[in-house]
Amino acid sequence: MKVALKVAYLGDRYCGFQRQPGLRTVESVIRDALLRIGVANGDFCYAGRTDRGVSALGQVIDFWIDDERGHLAFPRVINGFLPSDVWAWARAVAPVGFSARWSALWREYRYFLFSPDLDLGSVRAASEHLVGTHDFRNFSTSKVDTIRRIISIDVNERGGIVMFDIRADGFLWNMVRRIVGALELIGIGEKPVGWIRELLDPSTPHGAPTAPPEGLMLMDVGYSGLEWVEDRYTKQRISRVLISEARRRAAMSCVVQEMLWRMR
């Protein structure tokens, strides 16, 4: 049988998602867990790579497992073999021919930016130019096959944190981080709103700056025909871990912000 799982992880302790020799990655720890429940070679397909420091809420993987071992392919079982910052939390039985990567209709990322002085009006006006099908060569390190379709961009603010929600049929390497980097320069007044149109012209001889990876999270991936079953018990356990992690990180954030305030 083929099984699909939704996977969440905190990416700051990993060298990205994709397996790399001698490095700890999210793929490598998931592979080890699947090996232990009997998935052949631990092999699986995934919806998208994330870079070093990038987190995920809705990464999707799929794999084949023998029917007689199917009872092991559930979040609470697999989580017993995963580290404390990687979790499976929803499951679906996938049809033959399903691929977490190639069957995806869209992917959505959220970027969290601490920039309390950002002009949201300018940022939103600029972001409207990005919606639709464009050549995003200047928003990536990729230089071939750079045409993508952005379905929507929403920009909102919460407690001094600006959130960029970007949904597209696919993303280039560093595309979201470079979009945020460009929009931030517009929001702080270093670049005009029309600069975005220049960047969408592939003949423009410069690219957008790249925002840091830590603020980026893969939120969700869209498919047709999958019926996800969330594991409520697992979500409760994850919530307890995240509460403890949030307290620790919030305290450190307060330390940094206090230092920043004192230095002004």
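Please read all numbers here as calculations on a predicted model, not as lab measurements.
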message: Within the supplied structure, the quantity of interest is the number of heavy atoms (other residues, nucleotides, ligands) at a distance under 6.0 Å from Arg232 CZ; does it exceed 12?
response: no

task: State plainly whether one hydrophobic cluster holds both Ile65 and Tyr46, where clusters connect Ile, Leu, Val, Met, Phe, Trp and Tyr through side-chain heavy atoms under 4.5 angstrom apart.
output: yes

- request: Might you confirm whether atom CZ of Arg237 has over 12 heavy atoms from other residues, nucleotides or ligands at distances under 6.0 Å?
  value: no

task: Mind checking the CG-CG spacing from Asp85 to Asp12? Nearest 0.5 Å is all I need.
output: 7.5 Å

- request: Heavy atoms only: give me the nearest Leu130-Phe136 pair and the separation to one decimal.
  value: O-CZ, 3.7 Å

- prompt: Between Arg124 and Glu128, does at least one N-O distance fall below 4.0 Å, as a salt bridge requires?
  reply: no

Heavy-atom pair of closest approach, residues Trp195 and Pro209: CH2-CD, 4.0 Å

message: Taking the six-membered ring for Trp, are Tyr9 and Tyr14 closer than 6.0 Å centroid to centroid?
response: no

task: Indicate whether the side chain of Trp89 and that of Asn79 have a donor and an acceptor atom separated by less than 3.5 Å.
output: no

message: Looking at Asp154 and Arg167, is there a salt bridge between them, counting it only when a charged N and a carboxylate O are closer than 4.0 Å?
response: no

message: Tell me whether Ser103 contacts the main-chain N or O of Phe98 through its side chain, where contact means a donor paired with an acceptor under 3.5 Å.
response: no

query: Can you hop from Leu5 to Val26 via hydrophobic side chains spaced under 4.5 Å?
result: yes

ILVMFWY network linking Phe44 to Ile37, side-chain heavy atoms under 4.5 angstrom: yes

message: Could you check whether Asp220 pairs with Arg107 (Lys NZ or Arg NE/NH1/NH2 to Asp/Glu carboxylate O, under 4.0 Å)?
response: no

task: Using a strict 4.0 Å threshold on nitrogen-to-oxygen distance, state whether Glu214 and Arg249 make a salt bridge.
output: no

field: Side-chain donor/acceptor of Thr133 to backbone N/O of Arg149, under 3.5 Å
entry: no

- prompt: Any chain of hydrophobic side-chain contacts (each under 4.5 Å) joining Tyr109 to Leu10?
  reply: no

message: Taking atom CH2 as the centre, does Trp173 end up with more than 12 heavy-atom neighbours from other residues, nucleotides or ligands that are less than 6.0 angstrom away?
response: no

message: For Glu227, I'd like to know if atom CD has over 12 heavy atoms of other residues, nucleotides or ligands within 6.0 Å.
response: no

